[in-house]
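Worksheet: the structure to be examined is printed underneath.
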Amino acid sequence: MQRTIDWDDSGGGAVVIIDQCALPGTYRTLRLSTPEELVGAIRRLAVRGAPALGAAGALGVVLAARVHGGDRGAVHADAERIAAARPTAVNLRRGVERALAALPEGPEAVLAQALAMLDEDARVNREASRHAADLLLREVGRRPLRLLTHCNTGRLAAVEWGTALGVVWHLHADGQVEYVLADETRPLLQGSRLTAWELAEAGVRYRVLPDSAAASALARGLVDAVVVGADRIAANGDVANKVGTYPLALAAAHHGIPFVVVAPSSTVDTALPDGTAIVIEERAADEVTCVAGVPVSPDGAEVFNPAFDVTPVDLVTAVVTEDGVLAGRAR
Ligand SMILES: CSC[C@H]1O[C@H](OP(=O)(O)O)[C@H](O)[C@@H]1O
């Protein structure tokens, strides 16, 4: 299966991504040959998702080292532009920093470091999602499970496999998933466009729902557990994730439904004591005022468009990484 993001060493080298802006209607890949092309792809979410952004950050340094050769100042300048392209997902800057650390050993060492990260991502996400799947099987009596998820956390959000949706892959393989409810995830619709595409591809029964219907689904007893990803986890276990995660956690807590966060340990930022310190990316107004490019608000409408929100750890049943349960009530 094609990796969401990978390196192609032919023709001078390029980062190859699945173009997530084109899905679900068109499946195509993009070759990104310069740091500028990569920054553009990150900013428009052609490549997105914390683990995939970590890989993008590392491969972006490979591109910069190829373009600038021995001019380390130029490499570092491009690396900073890549790291700053989206501020909330800690993995992006981490991937840049990890590749930069190999720069003194030369461009081939940078490439080796980046490729190692890609292989590590696949392994770590399978392990983290296995731990979370096992936790759900322990915590929830009903079989098969009815799960609700938000945004996209499958293979498209990583190099391969995924985090919260990786839980579905493990459970589905064992016949333990009745269905998945996928929040459409306005305004960029990662759920209805990407999660639905992945679930259909995997043959998992699913229904797409408006984000505003998720609390009702919990209230009506349609959901056994909520599984979501993360973009940055503070030292105390507070979780920054796609906007709409916080109200989902409030509803899950109110209804006593397990709320499980799945992420690689590389998404944990121990430098931040709690979630109040997490920078939340604000995105363009037209993502809200337009649907499929068609204006749905009056000209000049002012917009509040945070791409993420922060869920306090006391609303989280478990934050699960490849190392097991990191935080939350299930500890
Ligand atoms: C597996 S991490 C995916 C994580 O990233 C998404 O944000 P975006 O689509 O803006 O990159 C969302 O927060 C997901 O939970």
Task: Counterpart residues, side-chain hydrogen bond (donor to acceptor under 3.5 Å, both in side chains), relative to Asp19 (two or more places apart) - done: Arg28
Output all residues satisfying salt bridge (charged side-chain N to carboxylate O under 4.0 Å, His left out) with [X], sequence neighbours left out; order by chain, then residue number.
{"X": "Glu36", "answer": "none"}
{"X": "Arg193", "answer": "none"}
{"X": "Asp299", "answer": "none"}
{"X": "Arg43", "answer": "none"}

TODO: Determine, stepwise, if the pair Asp274 / Thr276 fulfils side-chain hydrogen bond (donor to acceptor under 3.5 Å, both in side chains).
DONE: CA-CA 6 Å; Asp274 58 47; Thr276 59; 2.3 Å; yes
Modelled atom types, side-chain donor and acceptor of [X] and [Y], under 3.5 Å:
{"X": "Asn152", "Y": "Glu198", "answer": "yes"}
{"X": "Thr4", "Y": "Glu160", "answer": "no"}
{"X": "Thr163", "Y": "Asn125", "answer": "no"}
{"X": "Asp231", "Y": "Thr88", "answer": "no"}

Can you give each donor-acceptor pair under 3.5 Å made by side-chain atoms of residues 73-80, sequence neighbours left out, with the distance rounded to 0.1 Å?
from: Asp78; atom 1: OD1; to: Arg81; atom 2: NE; distance (Å): 3.3
from: Asp78; atom 1: OD1; to: Arg81; atom 2: NH2; distance (Å): 2.9
from: Asp78; atom 1: OD2; to: His68; atom 2: NE2; distance (Å): 2.5
from: Glu80; atom 1: OE1; to: Arg93; atom 2: NH1; distance (Å): 2.9
from: Glu80; atom 1: OE2; to: Arg93; atom 2: NH2; distance (Å): 2.8

Give the minimum heavy-atom separation between [X] and [Y], together with the two atoms involved.
{"X": "Ser33", "Y": "Ala14", "answer": "OG-CB, 4.0 Å"}
{"X": "Val325", "Y": "Ala318", "answer": "CG1-CB, 4.0 Å"}
{"X": "Ala56", "Y": "Ile42", "answer": "CB-CD1, 4.2 Å"}
{"X": "Ala217", "Y": "Leu209", "answer": "CB-CD1, 4.5 Å"}
{"X": "Ala99", "Y": "Ala58", "answer": "CB-O, 3.6 Å"}
{"X": "Cys151", "Y": "Thr195", "answer": "O-OG1, 2.6 Å"}

Task: Crowding at CZ, Arg31 (>12 non-hydrogen neighbours, <6.0 Å) - done: yes
Is the shortest side-chain heavy-atom distance between [X] and [Y] below 4.5 Å?
{"X": "Val168", "Y": "Leu147", "result": "yes"}
{"X": "Arg138", "Y": "Leu135", "result": "yes"}
{"X": "Arg94", "Y": "Met117", "result": "no"}
{"X": "Leu181", "Y": "Thr149", "result": "no"}
{"X": "Arg86", "Y": "Arg48", "result": "yes"}
{"X": "Arg186", "Y": "Pro210", "result": "no"}
{"X": "Glu127", "Y": "Asp323", "result": "no"}
{"X": "Tyr246", "Y": "Leu315", "result": "yes"}

May I ask you to say whether [X] pairs ionically with [Y], meaning some side-chain N is under 4.0 Å from a carboxylate O?
{"X": "Arg142", "Y": "Glu178", "value": "yes"}
{"X": "Arg283", "Y": "Glu281", "value": "yes"}
{"X": "Asp224", "Y": "Arg146", "value": "yes"}
{"X": "Arg123", "Y": "Asp119", "value": "no"}

- [ ] Dump the intermediate steps for side-chain hydrogen bond (donor to acceptor under 3.5 Å, both in side chains) on Gln2 and Thr29, then the final yes or no.
- [x] CA-CA 10 Å; Gln2 165 116 32; Thr29 59; 5.3 Å; no
Can you tell me how far [atom2] of [Y] sits from [atom1] of [X], rounded to the nearest 0.5 angstrom?
{"X": "His131", "Y": "Leu326", "atom1": "NE2", "atom2": "CG", "result": "11.5 Å"}
{"X": "Gln20", "Y": "Trp197", "atom1": "CD", "atom2": "CH2", "result": "9.0 Å"}
{"X": "Ile18", "Y": "Leu30", "atom1": "CD1", "atom2": "CG", "result": "10.5 Å"}

Kindly give the cluster partners of [X], where membership spreads through any ILVMFWY side chain lying under 4.5 Å from a current member.
{"X": "Met1", "result": "none"}
{"X": "Ile278", "result": "Leu272, Ile280, Phe308, Val310"}
{"X": "Leu189", "result": "none"}

TODO: Go through the steps for Arg44 and Glu287 under the test salt bridge (charged side-chain N to carboxylate O under 4.0 Å, His left out), then give the verdict.
DONE: CA-CA 11 Å; Arg44 67 176 183 272; Glu287 292 182 353; over 6 Å; no
Task: Backbone N/O of Arg232 and side chain of Thr267: donor-acceptor pair under 3.5 Å - done: no
Open item on the list: I'd like to know if the side chain of Asp121 reaches the main chain of Val159, judged simply by a donor and an acceptor atom lying under 3.5 Å from each other, with no hydrogens or angles considered.
Closed with: yes
Open item on the list: Does Phe304 form a side chain to side chain contact (heavy atoms under 4.5 Å, CB included) with Val288? I'd like the steps, not just the answer.
Closed with: CA-CA 9 Å; Phe304 175 52; Val288 177; over 6 Å; no
Extract all donor-acceptor atom pairs below 3.5 Å that involve side chains of residues 233-244 and protein atoms in other chains or at least two apart in sequence.
from: Asn236; atom 1: OD1; to: Asp238; atom 2: N; distance (Å): 3.0
from: Asn236; atom 1: ND2; to: Asp238; atom 2: OD1; distance (Å): 3.2
from: Asn236; atom 1: ND2; to: Asp238; atom 2: OD2; distance (Å): 3.1
from: Asp238; atom 1: OD1; to: Val313; atom 2: N; distance (Å): 2.8
from: Asp238; atom 1: OD2; to: Gly275; atom 2: N; distance (Å): 2.8
from: Asn241; atom 1: OD1; to: Ala230; atom 2: N; distance (Å): 3.2
from: Asn241; atom 1: ND2; to: Gly229; atom 2: O; distance (Å): 3.4
from: Asn241; atom 1: ND2; to: Thr245; atom 2: OG1; distance (Å): 2.9
from: Lys242; atom 1: NZ; to: Ala307; atom 2: O; distance (Å): 2.9

Task: Set of ring-ring contact (aromatic ring centres under 6.0 Å, His included) partners for His170, sequence neighbours left out - done: Trp161
- [ ] List the steps and the verdict of side chain to side chain contact (heavy atoms under 4.5 Å, CB included) for Val261 and Val320.
- [x] CA-CA 6 Å; Val261 176; Val320 184; over 6 Å; no
Open item on the list: Could you go through Glu37 and Val15, starting from their C-alpha distance and side-chain angles, then the distance that decides it, and tell me whether this counts as side chain to side chain contact (heavy atoms under 4.5 Å, CB included)?
Closed with: CA-CA 10 Å; Glu37 288 176 353; Val15 178; over 6 Å; no
Task: Residue list, side chain to side chain contact (heavy atoms under 4.5 Å, CB included) with Leu115, at least two apart or on another chain - done: Trp7, Leu111
TODO: For Val16 and Ile5, run side chain to side chain contact (heavy atoms under 4.5 Å, CB included): C-alpha distance rounded to whole Å, both residues' side-chain angles, the deciding distance at 0.1 Å, then the answer.
DONE: CA-CA 6 Å; Val16 178; Ile5 179 168; over 6 Å; no
